[in-house]
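Everything on this sheet refers to the single structure shown next.
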Amino acid sequence: MPELPEVETNVRRLRPDLTGQTITDVQLNWPRHVVLPTPAEFQTLLPGRTVTGLGRRGKYIIIELAPAGRTLLIHLGMSGQLSVVPADARPDKHAHTILALDNGRQLRFSDTRKFGKLYLPVDRQQVLGKLGPEPLSPEFTAGWLTKKLAQRRRVIKPLLLQQNFIAGIGNIYADESLHRAGVDPRRPANSLEPAEAAALHASIREVLAEAIEHQGTTFDWVYPDGEMQERLRVYGRGGRPCPTCGTPIERIVLGQRGAHFCPQCQQ
DNA sequence: AACAGCCCCTGGGTGC
DNA sequence: TGCACCCAGGGGCTGT
């Protein structure tokens, strides 16, 4: 499940392959991936535009284009993957959107579960405007988090997943951050003491930064579960011992979503 | 503001 | 080997 670190890794890998390339053709094999404008407009607006840079906001990939006036935004959903390959590379039955580039290569968007989304807005704020702060940016401070948590009665774990609260945290890193901070995922946000909020702030940044660091070396984007599991302390480890204290990890459902935590370490 | 419920999808897992 | 079934998950939407 691509969260902020995986999206960031994608951006870094794609940047050298895409920057400076001009899109010559758009193939839409699953038009419903396109949220806006209409698939037909998407198809006519892209050819002739050149990629001038790549960025990220939350879990969105931002592809800057020239001439300006439109920005390509991609959300990978749960199973989305992007790759740049030669046009004659082996066809991929899940490559639902294919952008032909003028260097004979293609940007392929594959998404087996089809939760991904493509946008080509005039104003990117139309899509990104409601997102909360970037957790790795300077504006995301312990003070900010402490203040915001005090204002919310919502349970902390589902709150961390709200993209309009903080951008980029998904189920995996929410669970991992709470474990590292020693905070029970069921606690109301406003029950956290300032010291706990500060610990959570630090944990979120550490967990995300470490994950980004590791994508570069071990994470081959197609999840090699072995590598992945080793790194995760609670996520997906229900029933297995907590790496810190040995107590079996519990798995419960919170806000319609699986939550994993150590009942001993997280209070 | 909060939250339950539903929907979109499909590979992978389980039970028969 | 195959079939029926259930589930996870990001996020948008509706209804309470």
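Per chain, numbering begins at 1; letters A, B, ... match sequence-line order.
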Range on DNA chain C touched by chain A, heavy atoms, distance below 4.0 Å:
C:dA8 to C:dG12
Those residues at least two apart in sequence (or on a different chain) that pass salt bridge (Lys or Arg N to Asp or Glu O under 4.0 Å) with A:Arg105 are A:Asp17
The bend of the helix from B:dA2-C:dT16 to B:dC16-C:dG2, taken between the axes of its five terminal pairs at each end and rounded to 10°, is 40°
Take atom CZ of A:Arg153 as the centre, draw a 6.0 Å sphere, and report whether it contains more than 12 heavy atoms from other residues, nucleotides or ligands.
no
Just to be sure I understand the rule, does A:Gly258 reach a base, reach only the sugar-phosphate, or reach nothing, if contact means heavy atoms closer than 4.0 Å?
sugar-phosphate
Quick one: label A:Tyr60 by what it contacts on the DNA or RNA (base, sugar-phosphate, nothing), any heavy atom closer than 4.0 Å.
sugar-phosphate
Report, as a single string ordered 5' to 3', how protein heavy atoms within less than 4.0 Å touch nucleotides 2-10 of chain B: B base, S sugar-phosphate only, - not at all.
SSSB--BBB
Ignoring hydrogens and geometry, is there a side-chain-to-backbone donor-acceptor pair from A:Glu196 to A:Leu192 under 3.5 Å?
no
Nearest-nucleotide check on DNA chain C, A:Gly77 vs A:Lys130; residue mapping nearer the 5' end is A:Gly77
Polar side-chain atom of A:Asn10 near backbone of A:Leu14 as donor-acceptor pair, under 3.5 Å:
no
I'd like to check the side-chain contact (heavy atoms from CB on, under 4.5 Å) partners of A:Arg32; sequence neighbours left out, ordered by chain and number.
A:Trp30
Could you tell me whether A:Phe109 and A:His33 have their ring centroids closer than 6.0 angstrom?
yes
Is there any side-chain hydrogen bond (donor to acceptor under 3.5 Å, both in side chains) pair reaching into residues 198-208 of chain A, and which pairs are they, with sequence neighbours excluded?
A:Arg180-A:Glu206
Could you tell me whether A:Glu134 and A:Arg57 have a side-chain N and a carboxylate O separated by less than 4.0 Å?
yes
Just by distance, with hydrogens left out, do A:Tyr173 and A:Glu6 show a side-chain donor and acceptor under 3.5 Å apart?
yes
Given the rule in the salt bridge (charged side-chain N to carboxylate O under 4.0 Å, His left out) test, do A:Glu64 and A:Arg70 qualify, once you have shown the distances and angles that lead to the verdict?
CA-CA 8 Å; A:Glu64 315 269 1; A:Arg70 295 277 174 172; over 6 Å; no
